[in-house]
Amino acid sequence: MSSPEIASLSWGQMKVKGCSTTYKDCKVWPGGSRTWDWRETGTNHSPGVQPADLEEVVKKGVKTLVIGRGMSEALQVPQSTVDYLKRNGIDVLVLQTEKAVAEYNALAARGVQVGGVFHSTC
């Protein structure tokens, strides 16, 4: 199964190819996507992305995970979260969201088993 292309990104809106939903924040993985609802794990801009936010994507068998920190990079990514991914043998890229989407799409186009979590506002 391949990772779906992120078809569009603008402030507060993301579209994933093959999906009719418009996301504010989203999770993507080989074969699927869904809303990234921060309330599920109590995530806030600080301390930021927690391992619990990533577990679902990790369990899909990704080799690389891209984290989009927002348009202004307000979303923090603690070292403990990066370490969690590395302990699971997953390469991680932490980038401003526009750069993260471009990198994710490039990896997906090359057939890499890539997943991502993306914040589309601040």
As a quick check of understanding, evaluate side chain to side chain contact (heavy atoms under 4.5 Å, CB included) for Leu107 and Leu93, giving each step before the final call. CA-CA 11 Å; Leu107 290 165; Leu93 299 167; 4.0 Å; yes

Ignoring hydrogens, what is the shortest heavy-atom contact between Val57 and Gly116? Give both atom names and the distance. CG1-N, 4.1 Å

Measure the NZ-NZ distance between Lys60 and Lys27 for me, rounded to the nearest 0.5 Å. 10.0 Å

Distance-minimising heavy-atom pair for Pro30 and Val114: CD-O, 3.6 Å

By the definition side chain to side chain contact (heavy atoms under 4.5 Å, CB included), identify the one residue from Lys99, Gln76, His119 that meets it with Arg69. Gln76

Taking atom CG of Asp83 and atom CG of Asn88, what is their separation to the nearest 0.5 Å? 11.0 Å

Short side-chain to backbone donor-acceptor contact, Asn105 and Glu5, under 3.5 Å: no

Would you please test Thr35 and Cys26 for side chain to side chain contact (heavy atoms under 4.5 Å, CB included) and show each step? CA-CA 4 Å; Thr35 294; Cys26 74; over 6 Å; no

Restricting to non-hydrogen atoms, name the atom on Gln50 and the atom on Pro47 that form the minimum distance, rounded to 0.1 Å. NE2-CG, 3.6 Å

Where Trp36 and Val49 come nearest, the two heavy atoms and their spacing: CH2-CG2, 3.8 Å

ILVMFWY network linking Val62 to Val117, side-chain heavy atoms under 4.5 angstrom: yes

Met71 and Thr97: which non-hydrogen atoms are nearest, and at how many Å? N-OG1, 4.2 Å

Trp38 and His45 aromatic ring geometry - parallel, tilted or perpendicular at 30°/60° bounds: perpendicular

Given the rule that I, L, V, M, F, W and Y join up when any side-chain heavy atoms are under 4.5 Å apart, are Ile90 and Val112 in one cluster? no

Are Tyr104 and Phe118 an aromatic pair, judged by ring center distance below 6.0 Å? yes

Count I, L, V, M, F, W, Y as connected when their side-chain heavy atoms are under 4.5 Å apart, and connections chain through other members. Are Leu65 and Trp29 then in the same cluster? yes

Closest heavy-atom contact between Ser3 and Gln113? OG-C, 4.2 Å

Once you round to the nearest 0.5 Å, how far does NZ of Lys24 lie from OG1 of Thr121? 4.5 Å

Atom OG in Ser80, atom CG in Leu85: separation rounded to 0.5 Å? 10.0 Å

Any chain of hydrophobic side-chain contacts (each under 4.5 Å) joining Val94 to Val66? no

Taking atom CE of Met14 and atom OG1 of Thr21, what is their separation to the nearest 0.5 Å? 13.0 Å

Strictly distance-based, threshold 3.5 Å: is any side-chain N or O of Gln96 a donor or acceptor partner for the main-chain N or O of Glu98? yes

Please report the interatomic distance NZ(Lys15) to OG(Ser33), rounded to the nearest 0.5 Å. 10.0 Å

If you group Ile, Leu, Val, Met, Phe, Trp and Tyr by side-chain heavy-atom gaps below 4.5 Å, do Val28 and Ile67 land in one group? no

